[in-house]
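Right, one structure below, let's go through it.
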Amino acid sequence: TYKPIFAGVAFTQISNAHFEDMFKELGFQPYYNLFDYNVKGFNLINQIDIVVNQLSLLKKDKHFSNLMKDQIPIIKYNQNHLRNITDKFDYLKQI
């Protein structure tokens with residue numbers, strides 16, 4: 001999770017149903033304009049299918065470059081937030 005934030009790459013996650021909630025509780029902002037995070041309750045295979053479909057749709061989107069430019073404030077916010085919490089241990093209970 002932290003590698004794409006550090007690298008400045010918008011991403012989605014294939015994980016447990018509570019990832020989005022935990023991500024926000026840690027103070028990060030999801031990339032709602034790019035990804036649908038409503039894959040809760042699906043098994044792993046279904047999650048993978050949903051993410052692949054989302055990525056396929058983004059690849060075909062004529063406005064993809066504009067969508068990515070719109071994510072820059074969120075990308076920068078998440079990078080700064082990651083830097084800010086690096087020295088803090090308050091978040092260890094959630095990690």
Side-chain angles (χ1 to χ4, degrees):
T1 301
Y2 297 114
K3 285 181 182 181
I5 293 172
F6 185 72
V9 177
F11 68 97
T12 189
Q13 188 82 7
I14 297 172
S15 65
N16 71 36
H18 304 289
F19 170 77
E20 178 188 2
D21 297 331
M22 291 186 309
F23 192 63
K24 292 189 312 189
E25 283 176 23
L26 287 168
F28 294 101
Q29 295 179 1
Y31 306 96
Y32 288 121
N33 291 337
L34 290 178
F35 304 109
D36 178 8
Y37 291 90
N38 291 320
V39 293
K40 298 175 183 173
F42 291 102
N43 67 37
L44 183 61
I45 301 300
N46 287 342
Q47 284 186 35
I48 292 169
D49 287 342
I50 290 168
V51 168
V52 168
N53 287 336
Q54 288 181 27
L55 293 172
S56 294
L57 289 173
L58 282 172
K59 183 179 177 183
K60 294 175 187 175
D61 193 321
K62 294 177 185 177
H63 305 290
F64 180 71
S65 125
N66 290 334
L67 287 171
M68 287 307 298
K69 287 178 187 172
D70 292 344
Q71 298 308 297
I72 291 173
I74 296 171
I75 289 169
K76 297 238 182 252
Y77 172 85
N78 286 340
Q79 286 179 319
N80 289 330
H81 185 64
L82 180 60
R83 284 187 200 100
N84 290 336
I85 68 169
T86 301
D87 300 352
K88 297 179 183 176
F89 298 101
D90 307 3
Y91 294 97
L92 283 178
K93 65 180 186 232
Q94 294 165 309
I95 294 176

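Here, residue 1 is the first one in the sequence, and each next residue gets the next number. FYI, side chains are in, hydrogens and waters are out, and symmetry mates aren't considered; it's all heavy atoms of this structure.
Summarising the geometry, atom CZ belonging to R83 is positioned 11.0 Å from atom CD1 belonging to I5; distances are rounded to the nearest 0.5 Å. The distance from atom CD of Q47 to atom CD of Q13, rounded to the nearest 0.5 Å, is 9.5 Å.
Here the side chain of N78 pairs a donor or acceptor atom with the backbone of Q29 at under 3.5 angstrom. With hydrogens and angles ignored, the 3.5 Å screen pairs a side-chain donor or acceptor of H81 with a backbone N or O of L26. Side-chain atoms of Q54 come within 3.5 Å of backbone atoms of D36 as a donor-acceptor pair (strictly under, hydrogens ignored). The main-chain N or O of L57 is never found under 3.5 Å from a side-chain atom of D61 such that the two would form a donor-acceptor pair.
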As a quick check of understanding, evaluate side chain to side chain contact (heavy atoms under 4.5 Å, CB included) for F35 and E20, giving each step before the final call. CA-CA 11 Å; F35 304 109; E20 178 188 2; over 6 Å; no
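Hydrophobic cluster membership differs between I72 and Y31, with clusters built from Ile, Leu, Val, Met, Phe, Trp and Tyr side chains linked at under 4.5 angstrom. Linking Ile, Leu, Val, Met, Phe, Trp and Tyr whenever their side-chain heavy atoms come within less than 4.5 Å puts F64 and L55 in one cluster. In this structure, I14 is not a member of the same hydrophobic cluster as V9, with clusters built from ILVMFWY side-chain heavy atoms closer than 4.5 Å.
Considering all non-hydrogen atoms of both residues, Y77 and G27 come closest at OH-O, 2.9 Å. Closest non-hydrogen pair, L34 versus A10, comes out as CD1-CB, 3.5 Å.
Proximity of the aromatic rings of Y2 and F6 is defined here by a centroid distance below 6.0 angstrom, and this criterion is not met.
Heavy-atom neighbours of K76 NZ from other residues, nucleotides or ligands within 6.0 Å: at or below the threshold of 12.
Taking the six-membered ring for Trp and thresholds of 30 and 60 degrees, F19 and F23 have nearly parallel ring planes, at less than 30 degrees apart.
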